[in-house]
Amino acid sequence: MRKSHPVRRAVLATAATVSGIVLLLSLKPASDPGSAAAAGGSVPPAAAGSPQGGARPVGDGTVTGDAARTQYGAVQVRLTVSGGRITKAEAVRAPAGGQSDRITSNAVPRLNRAVVTAQGADIDAVSGATYTSAGYKQSLQSALDKARAAGDSGAPGSSGPAGSSGSSGSSGESGGSGRSASGEAGGERAARTVTGDAAQTRYGPVQVRITVNGGRITRAEAVQAPRGGQSDRITSDAVPKLNRAAVAGGNADIDAVSGATYTSAGYKQSLQSALDRAGG
(Lines give C-alpha, C1' and ligand atoms only; values in the text may rest on other atoms or scores of the structure.)
Protein backbone atom coordinates (compact mmCIF):
# COMPACT_ATOMS: atom_id res chain seq x y z
CA MET A 1 0.00 0.00 0.00
CA ARG A 2 1.28 3.46 -0.88
CA LYS A 3 1.52 6.06 1.82
CA SER A 4 -0.40 9.32 1.28
CA HIS A 5 1.75 12.23 0.25
CA PRO A 6 1.94 14.93 2.98
CA VAL A 7 1.01 17.74 0.57
CA ARG A 8 -2.08 15.90 -0.53
CA ARG A 9 -3.20 15.42 3.05
CA ALA A 10 -2.77 19.15 3.72
CA VAL A 11 -4.87 20.07 0.67
CA LEU A 12 -7.67 17.73 1.67
CA ALA A 13 -7.71 19.08 5.24
CA THR A 14 -7.92 22.68 4.03
CA ALA A 15 -10.77 21.85 1.65
CA ALA A 16 -12.70 20.15 4.43
CA THR A 17 -12.27 23.17 6.70
CA VAL A 18 -13.48 25.63 4.05
CA SER A 19 -16.50 23.44 3.31
CA GLY A 20 -17.39 23.38 6.98
CA ILE A 21 -17.19 27.18 7.27
CA VAL A 22 -19.39 27.64 4.18
CA LEU A 23 -21.96 25.24 5.61
CA LEU A 24 -22.07 27.10 8.93
CA LEU A 25 -22.50 30.48 7.23
CA SER A 26 -25.36 29.16 5.11
CA LEU A 27 -27.22 28.10 8.27
CA LYS A 28 -27.00 31.60 9.98
CA PRO A 29 -30.43 33.37 9.89
CA ALA A 30 -30.66 36.52 7.78
CA SER A 31 -31.05 39.84 9.54
CA ASP A 32 -34.54 41.35 9.42
CA PRO A 33 -34.37 44.67 7.53
CA GLY A 34 -37.01 46.08 9.86
CA SER A 35 -35.14 45.11 13.01
CA ALA A 36 -32.91 48.17 12.87
CA ALA A 37 -35.92 50.47 12.81
CA ALA A 38 -37.52 48.51 15.62
CA ALA A 39 -34.36 48.84 17.66
CA GLY A 40 -34.61 52.59 17.32
CA GLY A 41 -37.21 52.64 20.12
CA SER A 42 -40.20 54.53 18.78
CA VAL A 43 -41.88 56.73 21.40
CA PRO A 44 -45.08 55.19 22.77
CA PRO A 45 -48.14 57.16 21.68
CA ALA A 46 -49.05 57.97 25.27
CA ALA A 47 -45.64 59.49 25.95
CA ALA A 48 -45.58 61.41 22.69
CA GLY A 49 -48.90 63.03 23.42
CA SER A 50 -48.24 63.95 27.02
CA PRO A 51 -48.64 67.70 27.50
CA GLN A 52 -45.76 69.58 29.05
CA GLY A 53 -46.18 70.01 32.79
CA GLY A 54 -49.39 67.98 32.73
CA ALA A 55 -48.59 66.14 35.94
CA ARG A 56 -50.14 68.84 38.12
CA PRO A 57 -53.72 70.05 37.78
CA VAL A 58 -54.36 73.66 36.81
CA GLY A 59 -57.23 75.39 38.57
CA ASP A 60 -59.88 77.06 36.46
CA GLY A 61 -60.40 80.81 36.67
CA THR A 62 -58.49 84.01 36.03
CA VAL A 63 -55.10 84.47 37.63
CA THR A 64 -52.47 87.19 37.35
CA GLY A 65 -48.77 86.54 37.76
CA ASP A 66 -46.40 88.75 39.70
CA ALA A 67 -45.10 91.78 37.83
CA ALA A 68 -41.64 91.20 36.37
CA ARG A 69 -39.31 94.20 36.25
CA THR A 70 -37.36 94.73 33.02
CA GLN A 71 -34.95 97.39 31.82
CA TYR A 72 -37.79 99.18 30.06
CA GLY A 73 -40.65 98.69 32.51
CA ALA A 74 -42.77 96.07 34.22
CA VAL A 75 -44.46 93.14 32.49
CA GLN A 76 -47.40 91.37 34.09
CA VAL A 77 -49.36 88.49 32.60
CA ARG A 78 -52.91 87.36 33.28
CA LEU A 79 -54.25 83.93 32.29
CA THR A 80 -57.75 82.58 31.88
CA VAL A 81 -57.97 78.84 32.49
CA SER A 82 -60.98 76.66 31.65
CA GLY A 83 -61.17 72.90 31.82
CA GLY A 84 -57.53 72.76 32.87
CA ARG A 85 -56.41 74.53 29.67
CA ILE A 86 -55.21 78.08 29.08
CA THR A 87 -57.87 79.71 26.95
CA LYS A 88 -56.53 83.25 27.06
CA ALA A 89 -53.30 85.08 27.91
CA GLU A 90 -52.77 88.82 28.08
CA ALA A 91 -50.30 91.35 29.41
CA VAL A 92 -51.99 93.74 31.80
CA ARG A 93 -48.70 95.60 32.11
CA ALA A 94 -46.00 96.08 29.50
CA PRO A 95 -43.30 98.65 28.67
CA ALA A 96 -44.75 101.83 27.19
CA GLY A 97 -43.48 105.13 25.85
CA GLY A 98 -41.20 105.91 22.92
CA GLN A 99 -39.96 102.86 21.03
CA SER A 100 -41.48 100.61 23.70
CA ASP A 101 -44.97 101.30 22.34
CA ARG A 102 -44.05 99.83 18.95
CA ILE A 103 -42.17 96.89 20.42
CA THR A 104 -44.94 96.07 22.88
CA SER A 105 -47.70 96.26 20.28
CA ASN A 106 -45.75 93.85 18.09
CA ALA A 107 -44.46 91.42 20.71
CA VAL A 108 -47.26 91.03 23.24
CA PRO A 109 -49.94 89.65 20.86
CA ARG A 110 -47.42 87.08 19.60
CA LEU A 111 -46.49 86.05 23.11
CA ASN A 112 -50.18 85.78 24.05
CA ARG A 113 -50.87 83.45 21.13
CA ALA A 114 -47.75 81.40 21.86
CA VAL A 115 -48.88 80.73 25.43
CA VAL A 116 -52.30 79.46 24.35
CA THR A 117 -50.66 77.24 21.75
CA ALA A 118 -47.90 75.88 24.02
CA GLN A 119 -50.08 75.64 27.14
CA GLY A 120 -47.07 76.61 29.24
CA ALA A 121 -44.16 78.97 29.70
CA ASP A 122 -41.87 77.18 27.25
CA ILE A 123 -42.26 79.75 24.48
CA ASP A 124 -39.77 81.51 22.24
CA ALA A 125 -38.76 85.13 22.74
CA VAL A 126 -39.94 87.58 20.10
CA SER A 127 -37.11 88.92 17.96
CA GLY A 128 -36.35 92.53 18.84
CA ALA A 129 -38.20 92.29 22.17
CA THR A 130 -35.74 90.36 24.33
CA TYR A 131 -36.40 92.17 27.62
CA THR A 132 -40.18 92.22 27.18
CA SER A 133 -40.18 88.51 26.27
CA ALA A 134 -38.07 87.60 29.31
CA GLY A 135 -40.32 89.60 31.66
CA TYR A 136 -43.41 88.11 30.04
CA LYS A 137 -42.17 84.55 30.58
CA GLN A 138 -41.23 85.31 34.19
CA SER A 139 -44.68 86.69 35.02
CA LEU A 140 -46.32 83.90 33.01
CA GLN A 141 -44.54 81.27 35.10
CA SER A 142 -45.74 83.02 38.25
CA ALA A 143 -49.33 82.91 36.97
CA LEU A 144 -49.00 79.22 36.11
CA ASP A 145 -47.66 78.47 39.58
CA LYS A 146 -50.64 80.25 41.13
CA ALA A 147 -53.09 78.44 38.87
CA ARG A 148 -51.54 75.07 39.73
CA ALA A 149 -51.64 75.89 43.42
CA ALA A 150 -55.34 76.58 43.02
CA GLY A 151 -55.74 73.28 41.17
CA ASP A 152 -53.90 71.39 43.92
CA SER A 153 -56.11 72.89 46.62
CA GLY A 154 -59.29 72.33 44.61
CA ALA A 155 -60.25 75.99 44.96
CA PRO A 156 -63.08 77.08 42.64
CA GLY A 157 -62.25 79.40 39.79
CA SER A 158 -64.38 81.83 37.86
CA SER A 159 -68.04 80.99 38.00
CA GLY A 160 -69.01 83.16 35.07
CA PRO A 161 -67.80 83.94 31.57
CA ALA A 162 -65.01 86.42 31.01
CA GLY A 163 -66.05 89.89 30.07
CA SER A 164 -65.15 91.89 27.00
CA SER A 165 -61.48 91.71 26.12
CA GLY A 166 -59.01 94.08 24.55
CA SER A 167 -56.81 93.23 21.61
CA SER A 168 -53.52 93.62 23.44
CA GLY A 169 -52.03 93.70 26.89
CA SER A 170 -52.45 97.45 27.20
CA SER A 171 -56.22 97.33 26.92
CA GLY A 172 -58.25 96.30 29.95
CA GLU A 173 -61.04 93.80 30.22
CA SER A 174 -63.63 92.75 32.68
CA GLY A 175 -62.65 89.55 34.39
CA GLY A 176 -64.94 86.70 35.35
CA SER A 177 -66.43 86.42 38.78
CA GLY A 178 -64.65 84.37 41.40
CA ARG A 179 -60.93 84.66 42.05
CA SER A 180 -59.55 88.14 41.72
CA ALA A 181 -57.01 88.78 38.94
CA SER A 182 -54.30 89.37 41.52
CA GLY A 183 -54.62 85.76 42.59
CA GLU A 184 -56.35 86.52 45.90
CA ALA A 185 -59.53 84.54 46.41
CA GLY A 186 -61.27 87.22 48.44
CA GLY A 187 -63.42 84.56 50.07
CA GLU A 188 -66.49 85.46 48.05
CA ARG A 189 -67.61 83.80 44.85
CA ALA A 190 -69.75 86.79 43.99
CA ALA A 191 -66.72 89.09 43.78
CA ARG A 192 -65.78 90.36 40.32
CA THR A 193 -62.47 91.76 39.19
CA VAL A 194 -62.63 94.35 36.43
CA THR A 195 -59.84 96.25 34.67
CA GLY A 196 -60.51 99.66 33.15
CA ASP A 197 -59.07 100.96 29.90
CA ALA A 198 -55.54 102.33 30.09
CA ALA A 199 -55.60 106.14 30.27
CA GLN A 200 -52.72 107.84 28.50
CA THR A 201 -51.09 110.71 30.40
CA ARG A 202 -48.17 113.01 29.75
CA TYR A 203 -45.87 110.74 31.75
CA GLY A 204 -47.22 107.32 30.80
CA PRO A 205 -50.39 105.21 30.92
CA VAL A 206 -52.45 104.61 34.02
CA GLN A 207 -54.68 101.54 34.27
CA VAL A 208 -56.86 100.65 37.25
CA ARG A 209 -58.24 97.30 38.32
CA ILE A 210 -60.98 96.99 40.93
CA THR A 211 -62.62 94.14 42.79
CA VAL A 212 -66.35 94.59 43.30
CA ASN A 213 -68.35 92.58 45.82
CA GLY A 214 -71.96 93.17 46.73
CA GLY A 215 -72.03 96.33 44.65
CA ARG A 216 -69.11 97.86 46.54
CA ILE A 217 -65.46 98.38 45.61
CA THR A 218 -63.49 96.17 47.97
CA ARG A 219 -60.08 96.63 46.33
CA ALA A 220 -58.47 99.03 43.88
CA GLU A 221 -55.00 98.90 42.35
CA ALA A 222 -53.09 100.46 39.50
CA VAL A 223 -51.74 97.75 37.19
CA GLN A 224 -50.05 100.45 35.09
CA ALA A 225 -48.64 103.77 36.27
CA PRO A 226 -45.92 106.21 35.14
CA ARG A 227 -42.38 104.95 35.80
CA GLY A 228 -38.85 106.27 35.53
CA GLY A 229 -37.10 109.25 37.09
CA GLN A 230 -39.32 111.42 39.26
CA SER A 231 -42.35 109.38 38.21
CA ASP A 232 -41.27 106.50 40.46
CA ARG A 233 -41.46 108.69 43.55
CA ILE A 234 -44.70 110.37 42.51
CA THR A 235 -46.36 107.05 41.64
CA SER A 236 -45.29 105.34 44.88
CA ASP A 237 -46.75 108.26 46.87
CA ALA A 238 -49.93 108.90 44.87
CA VAL A 239 -51.22 105.49 43.82
CA PRO A 240 -51.74 104.02 47.33
CA LYS A 241 -53.67 107.16 48.29
CA LEU A 242 -55.82 106.93 45.16
CA ASN A 243 -56.46 103.22 45.81
CA ARG A 244 -57.69 103.94 49.32
CA ALA A 245 -59.82 106.83 48.11
CA ALA A 246 -61.49 104.64 45.47
CA VAL A 247 -62.44 102.02 48.06
CA ALA A 248 -63.62 104.63 50.55
CA GLY A 249 -65.59 106.66 48.00
CA GLY A 250 -66.96 103.73 46.06
CA ASN A 251 -66.77 105.70 42.81
CA ALA A 252 -64.47 107.78 40.61
CA ASP A 253 -65.36 111.09 42.29
CA ILE A 254 -62.15 111.23 44.29
CA ASP A 255 -59.71 114.06 44.91
CA ALA A 256 -56.47 114.34 42.97
CA VAL A 257 -53.28 113.82 44.97
CA SER A 258 -51.25 116.99 45.36
CA GLY A 259 -48.18 116.92 43.13
CA ALA A 260 -49.57 114.08 41.00
CA THR A 261 -52.09 115.88 38.82
CA TYR A 262 -51.55 113.87 35.63
CA THR A 263 -51.39 110.52 37.41
CA SER A 264 -54.54 111.35 39.39
CA ALA A 265 -56.43 112.35 36.26
CA GLY A 266 -55.42 109.17 34.43
CA TYR A 267 -56.30 107.08 37.47
CA LYS A 268 -59.78 108.55 37.72
CA GLN A 269 -60.37 108.07 33.98
CA SER A 270 -59.39 104.39 34.09
CA LEU A 271 -61.30 103.89 37.34
CA GLN A 272 -64.47 105.23 35.73
CA SER A 273 -63.95 102.86 32.81
CA ALA A 274 -63.67 99.92 35.23
CA LEU A 275 -66.81 101.04 37.07
CA ASP A 276 -68.71 101.30 33.79
CA ARG A 277 -67.75 97.74 32.92
CA ALA A 278 -68.70 96.53 36.38
CA GLY A 279 -72.06 98.24 35.97
CA GLY A 280 -71.39 100.60 38.84
Side-chain angles (χ1 to χ4, degrees), residues 42-70 72-96 100-152 155 157-158 160-176 178-183 193 195 198 207 209 223-224:
S42 59
V43 180
S50 298
Q52 180 180 359
R56 296 181 60 195
V58 178
D60 287 355
T62 302
V63 61
T64 304
D66 295 331
R69 298 288 178 184
T70 76
Y72 299 101
V75 182
Q76 191 170 26
V77 177
R78 181 165 61 205
L79 300 176
T80 300
V81 181
S82 179
R85 290 184 58 82
I86 300 171
T87 58
K88 182 172 185 176
E90 58 183 326
V92 295
R93 296 177 72 179
S100 293
D101 288 335
R102 179 184 59 80
I103 294 173
T104 293
S105 64
N106 173 60
V108 167
R110 295 186 184 184
L111 293 166
N112 292 340
R113 290 192 295 268
V115 172
V116 175
T117 300
Q119 292 294 303
D122 186 15
I123 58 176
D124 293 332
V126 174
S127 177
T130 305
Y131 291 101
T132 297
S133 297
Y136 187 103
K137 292 174 70 174
Q138 181 180 336
S139 181
L140 168 61
Q141 187 60 59
S142 170
L144 286 169
D145 291 343
K146 290 180 180 181
R148 284 171 180 147
D152 289 341
S158 292
S164 58
S165 62
S167 59
S168 70
S170 61
S171 60
E173 70 167 15
S174 63
R179 301 182 67 84
S180 73
S182 62
T193 300
T195 305
Q207 190 172 25
R209 181 168 60 210
V223 295
Q224 287 196 73

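Positions are given from 1 along the sequence.
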Side chains of V77 and E90: closer than 4.5 Å at any heavy-atom pair?
->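 Of all side-chain heavy-atom pairs linking E90 with V77, none is under 4.5 Å.
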Any pair counted as ring-ring contact (aromatic ring centres under 6.0 Å, His included), so long as it reaches residues 106-128, sequence neighbours left out = none
I need the minimum non-hydrogen distance between [X] and [Y], along with the two atoms involved.
X: T87; Y: S82; answer: CG2-CB, 3.8 Å
X: P95; Y: Y72; answer: CB-O, 3.4 Å
X: V92; Y: Q207; answer: O-OE1, 3.2 Å
X: I103; Y: A129; answer: CG2-CB, 3.6 Å
X: I123; Y: A114; answer: CG2-O, 3.7 Å

Backbone N/O of [Y] and side chain of [X]: donor-acceptor pair under 3.5 Å:
X: Q76; Y: A94; value: no
X: T104; Y: A96; value: no
X: K146; Y: T64; value: yes
X: R78; Y: V63; value: no

Please list all pairs passing the side-chain hydrogen bond (donor to acceptor under 3.5 Å, both in side chains) test where one or both residues lie in residues 123-135, with sequence neighbours left out.
->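 Matches after skipping sequence neighbours: Q71-Y131.
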Pairing residues for R102 by the side chain to side chain donor-acceptor pair (under 3.5 Å) criterion, not counting sequence neighbours = Q99
Please list, chain by chain and in numerical order, all residues satisfying side chain to side chain donor-acceptor pair (under 3.5 Å) with T70, sequence neighbours excluded.
->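 Side chain to side chain donor-acceptor pair (under 3.5 Å) check on T70 returns nothing, list empty.
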Give, for atom [atom1] of [X] and atom [atom2] of [Y], the distance between the pair rounded to the nearest 0.5 Å.
X: L144; Y: L79; atom1: CG; atom2: CG; result: 5.5 Å
X: T80; Y: R85; atom1: OG1; atom2: CZ; result: 14.0 Å
X: D66; Y: L140; atom1: CG; atom2: CG; result: 12.0 Å

Can we say K137 and D122 salt-bridge, meaning some charged N sits less than 4.0 Å from an Asp/Glu carboxylate O?
->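 Judged by the 4.0 Å cut-off on N to carboxylate O distance, K137 and D122 do not form a salt bridge.
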Check side-chain contact (heavy atoms from CB on, under 4.5 Å) between [X] and all other residues, then give those that pass, not counting sequence neighbours.
X: N106; result: R110, V126
X: Q138; result: A68
X: T117; result: none

